[in-house]
Amino acid sequence: MAGYEARLLFSVEVDGSHLRGENTPVSIPQSFIQELLARADVVDIVGRHVPLKKGGANFMGLCPFHGEKSPSFSVSPTKQFYHCFGCGKSGNALGFLMEHAGMSFVEAVQDLAQQYGLQVPEDDASPQDRALAAQQRARQHTLNEVLEKAATAYTQHLKQTAHAIDYFKRRGVSGEVAKRFGLGYAPEGWRSLASVFAAYDDPLLTESGLVIESTDEDSGDIKRYDRFRDRVMFPIRNVKGECIGFGGRVLNPEGDGTSPKGAGPKYLNSPETPVFSKGRELYGLFEARQSLREMGYVLVTEGYMDVVALAQLGFPNTVATLGTACTPEHVQKLFRFTDSVVFSFDGDAAGQRAARKALDGALPFATDVRSVKFLFLPEEHDPDSFIREQGQEAFAQAVVQAKPLSRFLLEAAAEDCDLSTAEGRARLAAQARPLWQAMPDGALKRQLLGELAQQVQVGAGELVDVWGISPRNAKPAAPAGAGYQSREEREHYENNSGSSSIHKGYKANSYKNAAKKPYAATRRAHQPRRPHGPPAADGSGALGQLERAGTCPVVRLARTPRPDVLLVGRPTAGARPYALGRAARGPARAALGGTGFEAHGAPGATGDARC
């Protein structure tokens, strides 16, 4: 049937609540989302995380999104909506899970559906794929239960083990902080978990990473033994609070004869499993969620004890990577909770290498409204020792004075470059290109282009030319509507937009005028690359990608108030696009996943909303 396929890129909005989404289309039927919200009780969902008291028709509590002493956070059971009169946060049950737990839109839908015993349908999935996905989710849930049982056992062992308690006391960790992080102890011996799990040969113990299975080279017998032995244990939790793995620190570095090769590495993580991936998870993020909002930034360190010690010393907004370099997935997850990230590294060569990798991971997310800094401590200090010697205020001041991303990028680009020679400046230009191109377009990126050009001693346009980047994709973006250069194009825009100014974009009633125009005019064949906000410097903008897909021209369905949100569409087979879009209200929001816009095709046409 004739109509439009509408796709929302980069962001999702549901029932007026802005929700951060992923840059991939996800096909979840809007009817299911509406059914899920109808079944869910926002009071119940919020009440699991925020103590609520009845106050008139609504429930009141302290806002979980900012620090306050008097309740200004209201939850309405009749409207199924929450709103804070202090910070302005508001939304429905899905919005709360995304804002409070840092889940993506799809994760929030899946989590809420699981709570109410519903299975998330996927329009483009076969019955076999759905059955397999359901099996995988059940398997993951079982693994979480196994890991949680082990975490409880490790916590009990800590209470009974004096030398493990002494270790934490020497590091200044209180019982309250130990309880908050669920710290524990894995006893000595090969098969301590056999007293916790009745079936020690259960494959789930191996799949969860708790037990190692090996084959004896001589006899061919299968041997099973505990992965963690004589170690203080740090449970690793996902943003929902589920135990997904462990980190263990050895207590006896010299070894005690209970492991094949002494005590093994100082720190030992769970292996990659169906529920745990080091490249995506961060230690302490679940425990730090509220503190991130209260303190306004997240501090990223390199070790478990850094997180625990800093929480004890007044910096509960600390997280740590899990023995691996900081990845783009790590940074993306952090920016769900805060717009300011500070990486803390030792001042030695290893710290510099770790910071360089963190820079690579952060660059794709370095927008104009986000802050990324790099804190380098003296070589003889880690964050714990620095605070104990210099004090909490000195460390807080060091965080404020941390090196901004822009400065660190310039230093990284100039590494091993003799800027007093033409050869050194040329090398800087070559090293700077991948760093600069990794950044999203914006004022920060354009300023850095000028600074890099100044260091290379060429003009910005010349530097772009040396890099082989199209000047059109590197120059500043024109204001909305400025792509129309001729009088005919400008008049066509103004006649169809219902706007008296070419710079104001389409008005809500523009579809009335556009419906009278023939298809050849509305598709704007003469202007395939009209700017919608700042274009990507490498020509990979969202609209350009869709246009280069090549099957048919792209029509802009609507503009949105946010510059990072662009609603575009492509006519499906046989479509006659009489209208470009209009602002929707009420039930019409559901047509495009609550984006606030509705696509209109020929009379009787249907739209396939994908968001």
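For the numbers below, each heavy atom of this structure counts, side chains included, while hydrogens, waters and symmetry mates do not.
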_Test log, rule salt bridge (Lys or Arg N to Asp or Glu O under 4.0 Å), inputs K445 and D368_ = CA-CA 8 Å; K445 183 175 185 177; D368 294 343; over 6 Å; no

*Would you sort out whether F276 and L322 count as a side chain to side chain contact (heavy atoms under 4.5 Å, CB included), showing the intermediate values?*
CA-CA 11 Å; F276 175 62; L322 299 167; 3.5 Å; yes

*Would you sort out whether Q437 and I469 count as a side chain to side chain contact (heavy atoms under 4.5 Å, CB included), showing the intermediate values?*
CA-CA 10 Å; Q437 282 192 294; I469 301 174; 3.5 Å; yes

*asked:* Please determine whether side chain to side chain contact (heavy atoms under 4.5 Å, CB included) holds for the pair M98 and R336, giving the CA-CA distance in whole Å, both sets of side-chain angles, and the decisive distance to 0.1 Å.
replied: CA-CA 8 Å; M98 294 181 69; R336 292 179 184 174; over 6 Å; no

*Mind running side chain to side chain contact (heavy atoms under 4.5 Å, CB included) on R231 and F246 for me, showing each step along the way?*
CA-CA 11 Å; R231 292 176 180 269; F246 292 95; over 6 Å; no

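At distances below 3.5 Å, not a single donor-acceptor pair connects side-chain atoms of S72 with backbone N or O atoms of C84. Although no hydrogens or angles enter the test, the distance criterion places a donor-acceptor pair under 3.5 Å between the side chain of D418 and the main chain of S420. Side chain of D226 to backbone of V211: no donor-acceptor contact under 3.5 angstrom is found. R48 places no side-chain N or O within 3.5 Å of a backbone atom of I45 that could act as its donor or acceptor partner. Looking at R224, its side chain never comes within 3.5 Å of a backbone N or O of E213 through a donor-acceptor pair. In this structure, the side chain of E148 does not engage the main chain of E242 through any donor-acceptor pair within 3.5 Å. No donor-acceptor pair closer than 3.5 Å links the side chain of T338 to the backbone N or O of L334. Formation of a donor-acceptor pair under 3.5 Å by the E207 side chain with backbone atoms of L143 is not found in this model. Side-chain atoms of R227 come within 3.5 Å of backbone atoms of G209 as a donor-acceptor pair (strictly under, hydrogens ignored). R427 places no side-chain N or O within 3.5 Å of a backbone atom of C417 that could act as its donor or acceptor partner.
For the atom pair D384 CG and F395 CZ, the distance stands at 10.0 Å (nearest 0.5 Å). Taking CZ of R171 as the reference point, atom CE of M305 lies at 4.0 Å (rounded to 0.5 Å). Atoms CD and CZ, from E294 and F65 in turn, are 12.5 Å apart once rounded to the nearest 0.5 Å. The line from OG of S208 to CG of L147 is 5.0 Å long, rounded to the nearest 0.5 Å. Within the model, atoms CG of L52 and OH of Y82 stand 13.0 Å from one another, a figure rounded to the nearest 0.5 Å. To the nearest 0.5 Å, atoms CD1 (I244) and CZ (R280) are separated by 9.0 Å.
The aromatic rings of H49 and F96 lie tilted to each other, with the angle between the two planes from 30° to 60°. Aromatic ring pairs are classed by plane angle as parallel below 30°, tilted from 30° to 60° and perpendicular above 60°; the pair F374 and F345 is parallel. W190 and Y225 have perpendicular rings, their planes meeting at more than 60° on a 0 to 90° scale where under 30° would count as parallel. Ring geometry for F234 against F168 counts as perpendicular: the plane angle is over 60°, on a 0 to 90° scale with 30° as the lower cut.
Between V196 and Y154, every side-chain heavy-atom pair lies at or beyond the 4.5 Å cut-off. Looking only at side-chain heavy atoms (C-beta outward), V372 and V331 stay at 4.5 Å or farther from each other. Side-chain contact between M103 and D111 is present, with at least one heavy-atom pair separated by less than 4.5 Å. Between M295 and P316, the closest side-chain pair of non-hydrogen atoms falls below 4.5 Å. Side chains of W436 and L449 form a contact here, defined as non-hydrogen atoms less than 4.5 Å apart. Residues K373 and Y297 have side chains not in contact (no heavy-atom distance under 4.5 Å, counting atoms from C-beta outward). Contact annotation: the side chain of I387 approaches that of L310 to within less than 4.5 Å [non-hydrogen atoms, C-beta and beyond]. No side-chain heavy atom of K89 sits less than 4.5 Å from a side-chain heavy atom of F73.
Taking Y267 as the reference, nothing meets the side chain to side chain donor-acceptor pair (under 3.5 Å) condition, with sequence neighbours excluded. Partners of D202 according to the side chain to side chain donor-acceptor pair (under 3.5 Å) rule, which considers only residues two or more places apart in sequence or in another chain, do not exist here. By the side-chain contact (heavy atoms from CB on, under 4.5 Å) test, E272 is found to be paired with S277, K278, residues two or more places apart in sequence or in another chain being considered.
Taking every heavy atom of both residues into account, T367 and P440 meet most closely at CG2-CG, 3.9 Å. L444 and A366 make their closest contact through CD2-O, 4.1 Å (heavy atoms, listed as atom of the first residue, atom of the second, distance). A pairwise comparison of heavy atoms in L428 and L452 identifies CD2-CD2, 4.1 Å as the closest pair. The shortest non-hydrogen separation linking Q290 to C63 is NE2-O, 4.1 Å. The two residues L435 and D360 come nearest to each other via the heavy atoms CD2-OD1, 3.7 Å. Contact detail for P383 and L377: the closest heavy-atom pair is N-CD1, 3.4 Å.
Of the residues listed (I236, V298, L292, N238), the one engaging L285 in a side chain to side chain contact (heavy atoms under 4.5 Å, CB included) is L292, and it is the only one.
No more than 12 heavy-atom neighbours from other residues, nucleotides or ligands sit within 6.0 angstrom of NZ on K357.
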Could you tabulate the donor-acceptor pairs under 3.5 Å formed by side-chain atoms of residues 156-166, not counting sequence neighbours?
unit_1	atom_1	unit_2	atom_2	d
T161	OG1	H157	O	2.6
H163	NE2	Y185	OH	3.4
H163	NE2	D230	OD1	3.4

With a 3.5 Å cut-off and sequence neighbours excluded, list the donor-acceptor pairs that the side chains of residues 172-181 form with protein atoms.
unit_1	atom_1	unit_2	atom_2	d
S174	OG	V177	N	3.3
S174	OG	Q312	OE1	2.9
R180	NH2	E287	O	2.7

Exercise answer: donor-acceptor pairs, residues 399-415 side-chain atoms, under 3.5 Å, sequence neighbours excluded:
unit_1	atom_1	unit_2	atom_2	d
K403	NZ	E411	OE1	2.8
K403	NZ	E411	OE2	3.4
R407	NE	E411	OE2	3.3

